[in-house]
Asks: 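Pasting a structure here, questions to come.
This is a predicted model, so every value here is computed, not measured.
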Amino acid sequence: MNFPFFIARRYLFSKKSTHVINVISFISVIGVAVATMALVIVLSVFNGFHDLVASLFTSFDPQLKVVPVEGKTAPADDPILTKIRLLPQVDVATETVEDQALAIYNDHQAMVKIKGVDDNFAELSHITDILYGDGSFSLHAANLEYGTVGIRLAQNLGIGAQWDGFLKIYAPKKEGQLDMTNPGDGFVVDSLNSPGVLFAVKQAKYDKNYIITSISFARNLFGQQGMLSDLELRLKPGSNLDAVKAEMQQIAGNKYKVLDRFEQQEDTFKIMSIEKMIAYIFLTFILVVACFNIIGSLSMLIIDKKNDVVTLRNLGANDKQITRVFLFEGRMIAVIGAVIGIGLGLLLCFLQQQYGFVRLGDSEGSFIVDAYPVSVHYSDVAIIFVTVIAVGWLAVWYPVRALSKRLLS
């Protein structure tokens with residue numbers, strides 16, 4: 001057995017001549033354990049919110065989206081897009097045209113995003129899973145154009161799942177000059193009927209702004225005949241998403257970008273990642289403060305073991321070995337605290353997942369979920385363990401060497 005480690009282990013678990021050293025050592029372990037537990041729990045909660053938001057977006061966003069690098073639209077018959085949609089891994093491909101417009105219903109009005117889609121949009125997305133109302137998802141019938149409205153936008157416009165009359169949509173004309181004597185002439189005006197349903201993604205970005213309608217309506221409204229804003233794709237079951245995406249990007253070259261679901265919501269997930277990183281940094285600072293208890297414990301231990309140092313020297317131990325005894329003591333405190341903290345953190349995360357003790361609010365249904373979501377990523381656990389060990393070892397290295405030199409001199 002390693003001689004310094006053997007002595008350090010005896011020092012850690014044996015009773016000291018001064019009882020307060022045992023107390024400080026115990027407090028040191030508890031301090032490191034609590035800081036480690038906090039890291040596990042907080043990062044797991046951030047993971048929980050990340051996974052929750054990702055699950056909400058999947059009801060609306062496609063698996064892959066091809067968008068032009070320059071400009072808002074591209075020709076629908078572009079050979080590059082045709083080659084991409086004809087790949088054997090592609091199951092469903094939908095052209096979309098999306099732009100801003102003004103929606104008016106009676107005395108209510110709101111700026112909206114009109115998203116025109118192909119008739120196979122229900123096959124591409126999970127839109128039918130998030131509909132509310134007695135009707136059914138429909139884009140058009142004969143010469144009638146339907147608009148499926150987000151639930152919060154419907155509230156702002158004062159309409160329900162089924163509304164009477166027409167929802168007027170105004171979009172500025174792309175060509176010509178605006179005649180200030182007749183400003184209404186500068187807009188393209190069209191109307192949408194109610195399909196009897198609303199959609200609720202449970203994300204304000206969609207529920208408060210979007211109206212889904214047919215692509216022909218959107219092209220006529222925005223003057224984008226033969227154009228598309230993006231090409232949305234669903235792959236066949238069993239397809240390797242990353243490999244297919246890489247192949248599509250190679251075909252697209254520098255003209256188009258191929259985006260997966262996370263890249264389509266890059267801003268949202270980037271903010272969440274930054275928040276998680278800031279929480280990790282702040283909790284690491286708390287861990288550093290907790291490690292000062294280890295320094296105090298080791299300082300008192302070194303003073304308490306002056307006579308033992310003389311004995312060890314007489315037995316043949318050199319100065320390096322004696323210094324390593326106290327280094328191992330501090331490192332063992334850090335390791336034990338890390339293991340206890342990770343164990344407690346994982347236990348509390350499991351209990352929160354099973355029973356939801358910590359709730360978001362007192363009233364049921366006020367939030368998307370009633371309790372804080374928790375998702376343990378074991379890569380985070382590994383990073384936390386390495387962080388605690390690194391901080392603990394660095395925290396004791398210089399003080400122990402300095403105190404040991406003093407004692408040995």
Side-chain angles (χ1 to χ4, degrees), residues 8 11-13 16 20-53 269-302 326-353 355-360 371-403:
Y11 281 168
L12 181 62
F13 296 106
K16 317 297 188 296
V20 71
I21 300 176
N22 292 86
V23 174
I24 295 176
S25 297
F26 179 74
I27 292 173
S28 301
V29 172
I30 295 300
V32 174
V34 170
T36 306
M37 180 181 68
L39 275 166
V40 172
I41 293 172
V42 171
L43 295 190
S44 296
V45 171
F46 273 105
N47 293 334
F49 279 112
H50 179 281
D51 294 349
L52 175 64
V53 171
F269 289 110
K270 185 178 289 185
I271 290 171
M272 296 180 73
S273 297
I274 292 171
E275 290 174 339
K276 180 180 175 181
M277 179 59 68
I278 292 173
Y280 167 78
I281 292 171
F282 273 107
L283 289 172
T284 301
F285 278 123
I286 295 173
L287 176 65
V288 171
V289 174
C291 286
F292 282 113
N293 288 323
I294 302 178
I295 298 172
S297 172
L298 292 177
S299 301
M300 296 188 69
L301 179 66
I302 291 171
F326 299 109
L327 283 173
F328 272 122
E329 176 89 5
R331 289 169 180 174
M332 281 193 291
I333 291 174
V335 171
I336 293 171
V339 171
I340 293 173
I342 288 174
L344 289 174
L346 293 176
L347 176 62
L348 291 175
C349 288
F350 173 77
L351 293 174
Q352 178 66 13
Q353 286 175 331
Y355 305 106
F357 292 124
V358 183
R359 306 183 68 80
L360 286 167
Y372 277 92
V374 173
S375 177
V376 177
H377 293 182
Y378 289 99
S379 58
D380 286 345
V381 175
I383 291 171
I384 291 168
F385 183 76
V386 171
T387 299
V388 176
I389 299 305
V391 170
W393 287 26
L394 290 173
V396 302
W397 182 78
Y398 179 77
V400 167
R401 288 180 64 87
L403 289 168

Asks: Is the CZ atom of F357 crowded by more than 12 outside heavy atoms at less than 6.0 Å?
Replies: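 More than 12 heavy atoms, drawn from other residues, nucleotides or ligands, come within 6.0 Å of this atom.
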Asks: Which atoms form the tightest heavy-atom contact between T36 and A338, and what is the distance?
Replies: CG2-O, 3.7 Å
Asks: Once you round to the nearest 0.5 Å, how far does CG of L394 lie from CZ of R331?
Replies: 9.0 Å
Asks: Are any non-hydrogen side-chain atoms of V42 and F46 less than 4.5 angstrom apart?
Replies: yes
Asks: Any chance you could measure Y280, atom OH, to L287, atom CG, to the nearest 0.5 Å?
Replies: 9.0 Å
Asks: Considering all heavy atoms of both residues, which atom of C349 and which atom of I41 are nearest to each other, and what is their separation?
Replies: SG-CA, 4.1 Å
Asks: Rounded to the nearest 0.5 Å, how far apart are CG of L43 and CD1 of I383?
Replies: 8.5 Å
Asks: Minimum heavy-atom separation for V391 and V288, please, with both atom names.
Replies: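 Looking at all heavy atoms of both residues, the closest pair is CG1-CG2, 3.8 Å.
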Asks: Quick one: closest heavy-atom pair of I333 and S28, and the distance?
Replies: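 It is CG2-CB, 3.8 Å.
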Asks: List the atom of H377, the atom of D51, and the distance in Å for their closest heavy-atom pair.
Replies: NE2-OD2, 3.5 Å
Asks: Do D380 and K276 touch side chain to side chain, with heavy atoms closer than 4.5 Å?
Replies: yes
Asks: Would you compute the distance between atom CD of Q352 and atom CZ of R359 and round it to the nearest 0.5 angstrom?
Replies: 9.0 Å
Asks: In the structure I gave you, are the side-chain heavy atoms of V376 and N47 within less than 4.5 Å of one another anywhere?
Replies: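 Sidechains of N47 and V376: no contact.
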Asks: For A33 versus I340, what's the shortest heavy-atom pair and its separation?
Replies: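 Closest pair (atom of A33, atom of I340, distance): CB-CG2, 4.0 Å.
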Asks: Rounded to the nearest 0.5 Å, what's the gap from CD1 on I384 to OG on S379? Could you check?
Replies: 9.5 Å
Asks: Can you tell me how far the CG atom of L346 sits from the OH atom of Y378, to the nearest 0.5 Å?
Replies: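 That separation rounds to 6.0 Å.
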Asks: Using 30° and 60° as the class boundaries, would you call the ring planes of H50 and F269 parallel, tilted or perpendicular?
Replies: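 The arrangement is tilted - the two ring planes meet at 30° to 60°.
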